[in-house]
Number of protein chains: 2
Amino acid sequence: MNILIIEDDKTISALMGRTLTGAGYDCEFAFDGEEAEELFDSHPWDLVLLDLMLPKVSGYDLLEYIAPSKTPVIIVSAMGQVNDRIRGLKMGADDYICKPFQVAELLARIEAVIRRTAPTDDVFDYKGVSVNNVSRVVTKDGETVPLTVKEFDLLSMLINNRNVALSRKQLYEYVWKEEYYGETRTLDNHIKRIRQKLGYEDVIKTVFGIGYRFETEEAGC
Amino acid sequence: MNILIIEDDKTISALMGRTLTGAGYDCEFAFDGEEAEELFDSHPWDLVLLDLMLPKVSGYDLLEYIAPSKTPVIIVSAMGQVNDRIRGLKMGADDYICKPFQVAELLARIEAVIRRTAPTDDVFDYKGVSVNNVSRVVTKDGETVPLTVKEFDLLSMLINNRNVALSRKQLYEYVWKEEYYGETRTLDNHIKRIRQKLGYEDVIKTVFGIGYRFETEEAGC
DNA sequence: GGACTCCAATGAACATACTTATAATAGAAG
DNA sequence: CTTCTATTATAAGTATGTTCATTGGAGTCC
């Protein structure tokens, strides 16, 4: 996993570098917009961390430049206003983190984005249920089952990590992204609705005290 | 999707290879004209990236050789003059990109060409409705149904991506291109008129929270 | 092992907030 | 002028988050 860190403040840049290297990522650094474009083009990246306030080329221009490549981007910026956040995410960023940030939060968000943008199966079949990630159609025994956006995203996350116990936090962060401000019973309800609609009472297992796990027969792997 | 990269400069060739592999394409490489002809004939390709300055066989000859096969070609060349560009496109290339290029631009153009040259049916028939992409004539039960430009483009996009949930954004960007400045109810109205004119109320499905999907019987695939 | 307690999870109902459909109107293009 | 397209307002439909009463699991103590 290689990460491109675009950040003009060398203190912050170094901090991020140390943190990520420590966590096993390879990092390279750009300190202004021009450098960033060059480095970005030089080879493919798994993730870009982008500061919005940069010398030479604005962060937004850079984001526009990066977006078509589909490389995941996390914006790291002091401009903590809602507008910037929305604008950034609308322009194709995958997440947004405000300075000053907690190292743990940075790491968590990076992991979440990497997981979220990992390639997914187009079609998944199990026990008469078929989940099509392209058409976003879910069928059970041939009948179409209408799932809402949140339900679909949640199911999709569980399936893409099948036989893995996912914590409530992970699930919230994947499905609800930045609108997650702590525990409620929302997740439970969505789980309930999915189980009900698909007859998956025994497939989506509750992992008590942790979260949930989508269990298939070939579990042990 | 497999792409043939014809490029004698190994640095550039490798850069393209990394980029495209990272984006999920399969790549193979030819470093001179002879190799290129051989490899090109060995099996079918979805796309050819062609450098015009090559050892042994000139890029133009190669283009002439490739053109009859209808395989999409993007010329990648340092000869950035208008003449070359025109000559290349006249000879049947689908796009032209100049060195040095930005990786993001390369990817964007590749995607555009693939989308553009994707086998669109000249004629599409479904439930008594016939859509002719060449004459732009639409008939229902033998009667001609007059569609406006926007309506036709929209319908065409939906049909060419049938059974795929297309986001509102994608639809806006395809039909309205750069005149898209955010959400209004324009798209809804066009969808409504198409449904009405063609009796497609149940064929063009609303994907709540996402956009629309043109659904045919063989949906599950 | 059985009874007890604490805490987590479930499930139903409801209010709110979004999203989409529809129709009417205004504006632009030919 | 006529036709097409975009905008706006309003209505209808759908999803979502929260609350709360209830159920169930895990550990502890006797």
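None of these values were measured; they are calculated from a predicted model.
- Contacts of B:Arg18 classified as side-chain hydrogen bond (donor to acceptor under 3.5 Å, both in side chains), with partners at least two apart in sequence or in another chain: none.
- A:Trp176 has a side-chain polar atom (N or O) that falls below the 4.0 Å cut-off from OP1 or OP2 of D:dG17.
- Under the 3.5 Å distance criterion, the side-chain polar atoms of B:Asn163 are matched with a main-chain donor or acceptor of B:Thr216.
- In this entry the distance linking CG of A:Leu147 with P of D:dT14 reads 15 Å, nearest Å.
- For A:Asp94 (side chain) and A:Val113 (main-chain N/O), no donor-acceptor pair under 3.5 Å exists by modelled atom type.
- To the nearest angstrom, C1' of D:dT5 lies 13 Å from CG of B:Leu154.
- As a whole-Å value, the separation of B:Lys205 NZ from D:dT14 C1' is 16 Å.
- Atoms NZ (B:Lys150) and C1' (D:dT3) sit 14 Å apart, rounded to a whole Å.
- Surrounding CD of A:Glu201 are more than 12 heavy atoms belonging to other residues, nucleotides or ligands, all under 6.0 Å away.
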Practice problem: Would you give a per-nucleotide map of nucleotides 11-30 of chain C, 5' to 3', where B means the base has a protein non-hydrogen atom under 4.0 Å away, S means only the sugar-phosphate does, and - means neither? | Solution: BB------SBBBB-------
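- Look at A:His190 and you won't find any side-chain N or O under 4.0 angstrom from OP1 or OP2 of D:dA15.
- Formation of a donor-acceptor pair under 3.5 Å by the A:Asp61 side chain with backbone atoms of A:Val57 is not found in this model.
- Residue A:Thr148 is in sugar-phosphate contact alone, with no base atom involved, counting any heavy-atom pair closer than 4.0 Å across all strands shown.
- With respect to A:Glu7 and A:Lys99, a salt bridge is recorded, a charged nitrogen being found less than 4.0 Å from a carboxylate O.
- Across all strands shown, A:Thr184 has heavy atoms under 4.0 Å from sugar-phosphate atoms exclusively, and none from any base.
- Taking atom CG of B:Leu155 as the reference point, atom C1' of D:dC4 lies 17 Å away to the nearest angstrom.
- Rounded to whole Å, atom P of C:dT10 lies 13 Å from atom CG of A:Asp202.
- Nucleotides of DNA chain D nearest to B:Thr186 and A:Val149 differ in position, and the one nearer the 5' end is that of B:Thr186.
- Proximity of a side-chain donor or acceptor of A:Tyr172 to a complementary backbone N or O of A:Thr184 within less than 3.5 Å is detected.
- Near DNA chain C, meaning a heavy atom under 4.0 Å from it, residues 129-139 of chain B has no residue at all.
- Using a distance-only test at 3.5 Å, with no hydrogens or angles considered, a donor-acceptor pair links the side chain of A:Thr148 to the main chain of A:Glu151.
- The CG-P distance, from A:Leu171 to C:dA9, rounds to 12 Å in whole Å.
- The main-chain N or O of B:Trp45 is never found under 3.5 Å from a side-chain atom of B:Asn2 such that the two would form a donor-acceptor pair.
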